**Q** 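Dropping the structure in here first, questions after.
Chain letters run A, B, ... following the sequence lines, proteins first and then strands; every chain starts at 1. Remember, it's a predicted structure, so these values are computed and weren't measured experimentally.
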Amino acid sequence: MWETSGVFAPKNDPEAKTLPAGRQAFTIIMPPPNANDPLHIGHAMYVVEDILIRYHRMRGEATLWLPGTDHAGIETQFVFEKKLKKEGKSRFDFDRKTLYNMIWDYVQKNSGIAVAQLKKLGFSPDWSRFKFTLDPQIVDLVLETFFELHKRGLVYRDLRLVNYCTRCGTGYSELEAKHEVKKDPFIYIKYGPFTIGTVRPETKFRDTALAVNPTDKRYSKHIGKTFEIMGLLGPITMTVIADPDVDPEFGTGIMKVTPAHDFHDFELGKQNNLPVTPIVDFNGKMDFSWFLSKKDIEPKYKERAERYHGLHVSKARPMMIEDLKADGLLEKIDETYEHTLSTCYRCGSVLEPLPLPQFFLSVKPMTQKALKALRDKKVKIHGPGYDKILVHWLENLKDWNISRQIVWGIRIPAWYSTKDYPNLQVTFLGNDKQLISGAVGELLKVHTLEDIRTGIQSLKAPVDAKFTLSKTSPGDNFIQETDTFDTWFSSAQWPFVTLQANKPGDFERFYPTQVMDTAYDILIFWVMRMIMMGLEMTGEVPFEHVYLHGLVRDEKGQKMSKSKGNVINPLEYVEKFGADALRMALVMSTTAGKDSNTGKDKIRGMRNFTNKVWNAGRFMSMANQSTEGKNDKDFHAHLNEVVKTITRQLDQLKVGLAAETVYNEFWHWFCDACIEQNKKGKISLKALTQGFETFLKLLHPFMPFVTEEIWDKLARKEKGLLIAAHWPTSES
RNA sequence: GGAUCCGUAGCUCAGUGGUAGAGCGUUCGGCUUACAUCCGAAAGGGCAGAGGUUCGAUACCUCUCGGAUCCACCA
């Protein structure tokens, strides 16, 4: 009935109330769930949004809740690759276009599930405005944003170290790396006249300098001097440079510098003009081709380099330690050393810092605008402490790496001319389904440009390569960048692109939106970037309030995870206890920004409450018929207070508190006290009926199904659907 | 190393500058004609500790202790 009645869509009624401050509507953009995943309990927390939407709709406002789903680039490709692996295949068995289409079909097949589940939870978004992040109009707008940002000088391409997962084959932004404490042998190596300590002996072959703290008296005299040092592959020369970041207390106080494989060293290398010389490749394997291509190598060293070459770091490292021992270069090993490593948040592999040209956004101008908006209270964060966390991030944010080396996403619309770069390095899956690497010119002898454009796996354009921005090929001789945008790059634009890509006039009418509700764990990933991007592109904040709900934990307070087996499937509980019970359990007595423990007991308790509401409805038809009650006046007075309180609480986004209030007032006041008084003739039927209808309205945003059902039996014929009924007014 | 949050009844958590609340659990008594997925009654808390502000603090400030989370660095 709700869906066919059209109430989910914002009313076009010119009589729709004009809201305070000239606001035309009450709008919430739904955080898009991953299109290919079934819902988890976190999505059920969107009930906060549905409560607010239903409340404002009943207030007579033009109310829009805009739903959608997310292509979730890395997550989805990762899931799909796991599926391929089960079938004994990998992403390299398919050319780019085929792989993309396969994932597209896979996602399409699953995307209906999430939507059906949202409906089962009783959510009331306007399905006619549904958007997917890869809908053509959305992609189009995202590309335009990129062009505009480039025009404003905020886009650049640069060689940087990226946190690269050699397992997943892509780099990540600084936010996506997880940190894990690991125990690794800390090796002290004789290094010419010095001793250095390291956990990564394998990178030593391409060290470019030695660094010491300029205030360290032991070493300061060596600064600027060059030493010949005996290594595993023969003698090398090394210059000592000054670096105030070197901690004299740590290890031996002298540090090797490897710009290609360490973030700090990369920066240090820039300052000192050191070359970036990688030794680990993008598969996590040792690459000694630079050495083996030399002439006249001593057989001993040649044998070693050949042995190491192509081995994974984890295999090569112990081998090198043995060789160091054999050469008498190993001083000692500290086996107790603990340090923190970056790991892939998807697969858990250790991330390799690797040099790769990437597209970046200059964030500074955007963070400044965001900070100002926060200072001016244009955006208000609900959830204690999170406003400070957000400010801290905005003040310290580094430029945003928006390139991802995956196919599932929006391909970066930068094109390189094969005329400018005939030696552009590409990896191409040929007609014979073999991976072929080489320069464009060479490949063109056997394949057409069109073949290469669609079949290309990866392209390594030089850092300073000229590129043309265009939605389609700008000419006959262009090859498109193979990287795709970080999913968050398009998600950051979600509040305005969904409205711009929708019905004409929507953006003007519904933007800026009022509330953004999401879990606090994506405050930085998403909310911060939406504020930045919204301000940059529209000049306005994307939303006025950010409601950060907590994470839903199990009844013991443990984080839910698949490995612990304590994951709650929301739909299971909908089956068992009803959607109303689950909804109520999720918001009852919760506060913004705080985790809540939701287990069976709590949901069962709320099922009992649902039942209580139902039974009160049954009582109404057999209530005491008295037309006058001596407590009627007090009854109305208290009812008025209840309406006032709940209205105020909802206006202040205190959803958990409002749920608690309506629960207590309905059960312990209306049922326990007032119904009993009616039985004794102290409260009239008229007053009681009016009170019950008021409570049905107050309860409706929280428990839409039972309340609508009771309303259907009681009052719908005269008064229409409860979902569209008028919120009770209170006299102050 | 930096930051944030929390410490209230046995458990899980709300809450407020003016003599403490809910759910679950516990105890006792009830199939009272809406509801035993219920009703009635009861036990149980000097709101972590110390100091300060205030006429008055659980609530505001400082410190201590305890717990959680986030970020940075680690050759």
**Q** Please pick, from B/rG15, B/rC39, B/rA75, the nucleotide with the shortest atom-to-atom distance to any side-chain atom of A/Phe250.
**A**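 Selected nucleotide: B/rA75.
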**Q** For nucleotides B/rC47 and B/rU37, find the distance between their C1' atoms and express it as a whole number of Å.
**A**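 Nearest-Å result for B/rC47 against B/rU37 at atom C1': 33 Å.
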**Q** Between A/His339 and B/rA75, is there a contact of a side-chain N or O with OP1 or OP2 at under 4.0 Å?
**A**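 Yes, because at least one side-chain N or O of A/His339 sits under 4.0 Å from OP1 or OP2 of B/rA75.
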**Q** Distance check, P atoms only: B/rC24 and B/rA20, in whole angstrom units.
**A**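 The answer is 23 Å between these two P atoms.
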**Q** Can we say A/Arg604 and A/Asp601 salt-bridge, meaning some charged N sits less than 4.0 Å from an Asp/Glu carboxylate O?
**A**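 Salt bridge: yes.
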**Q** Is the NZ or CZ atom of A/Lys612 both under 6.0 Å from the centre of the six-membered ring of A/Phe609 and within 45° of that ring's axis?
**A**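 Because its charged atom misses either the 6.0 Å distance or the 45° angle limit, A/Lys612 does not stack over A/Phe609.
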**Q** Rounded to whole angstroms, how far apart are OH on A/Tyr520 and C1' on B/rC6?
**A**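 After rounding, the gap between these two atoms is 12 Å.
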**Q** Checking all strands, does A/Tyr337 fall into the base, sugar-phosphate, or nothing category for heavy-atom contacts under 4.0 angstrom?
**A**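 Sugar-phosphate, no base atom in range.
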**Q** Please check the phosphate of B/rC70 (OP1 and OP2 only) for any side-chain N or O of A/Lys388 closer than 4.0 Å.
**A**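 No.
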**Q** Output the distance between atom CD1 (A/Ile187) and atom NZ (A/Lys325), rounded to the nearest 0.5 Å.
**A**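 If I round to the nearest 0.5 Å, the distance is 9.5 Å.
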**Q** Does A/Lys654 put a side-chain nitrogen or oxygen below 4.0 Å from OP1 or OP2 of B/rG15?
**A**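 So the side chain of A/Lys654 is outside the cut-off, no N or O lying under 4.0 Å from OP1 or OP2 of B/rG15.
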**Q** For nucleotides B/rG2 and B/rC73, find the distance between their C1' atoms and express it as a whole number of Å.
**A**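 Those two atoms are separated by 11 Å.
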**Q** Indicate whether OP1 or OP2 belonging to B/rU4 is found under 4.0 Å from a side-chain N or O atom of A/Trp393.
**A**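 For B/rU4, neither OP1 nor OP2 has a side-chain N or O of A/Trp393 closer than 4.0 Å.
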**Q** Are A/Glu267 and A/Arg160 within salt-bridge range, i.e. N to O under 4.0 Å?
**A**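 A/Arg160 and A/Glu267: not salt-bridged.
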**Q** With 3.5 Å as the limit, what N/O pairs link the protein to nucleotides 22-24 of chain B?
**A**
unit_1	atom_1	unit_2	atom_2	d
B/rG23	OP1	A/His668	NE2	3.0

**Q** Measure from the ring center of A/His261 to the ring center of A/Phe266 and say whether it is less than 6.0 Å.
**A**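 Between A/His261 and A/Phe266, the centre distance exceeds or equals 6.0 Å.
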**Q** Between atom CD in A/Gln625 and atom P in B/rA34, what is the gap in whole Å?
**A**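 The distance from CD of A/Gln625 to P of B/rA34 comes to 13 Å, rounded to the nearest Å.
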**Q** Evaluate the side-chain proximity of A/Val379 to A/Ile531: yes if any heavy-atom separation is below 4.5 Å, no if none is.
**A**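 Side chain of A/Ile531 against side chain of A/Val379, heavy atoms only: contact under 4.5 Å found.
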**Q** Below 6.0 angstrom between ring centroids: does that apply to A/Phe702 and A/Tyr663?
**A**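 Between A/Phe702 and A/Tyr663, the centre distance exceeds or equals 6.0 Å.
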**Q** With a non-hydrogen cut-off below 4.0 angstrom, is A/Val246 in contact with a base, only sugar-phosphate, or nothing?
**A**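 The answer is base, as A/Val246 lies within the cut-off (heavy atoms under 4.0 Å) of a base atom.
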**Q** With the side chain of A/Phe186 defined as its heavy atoms from C-beta on, choose the nearest nucleotide among B/rA34, B/rG40, B/rA75.
**A**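 The answer is B/rA75, which lies nearest to the side chain.
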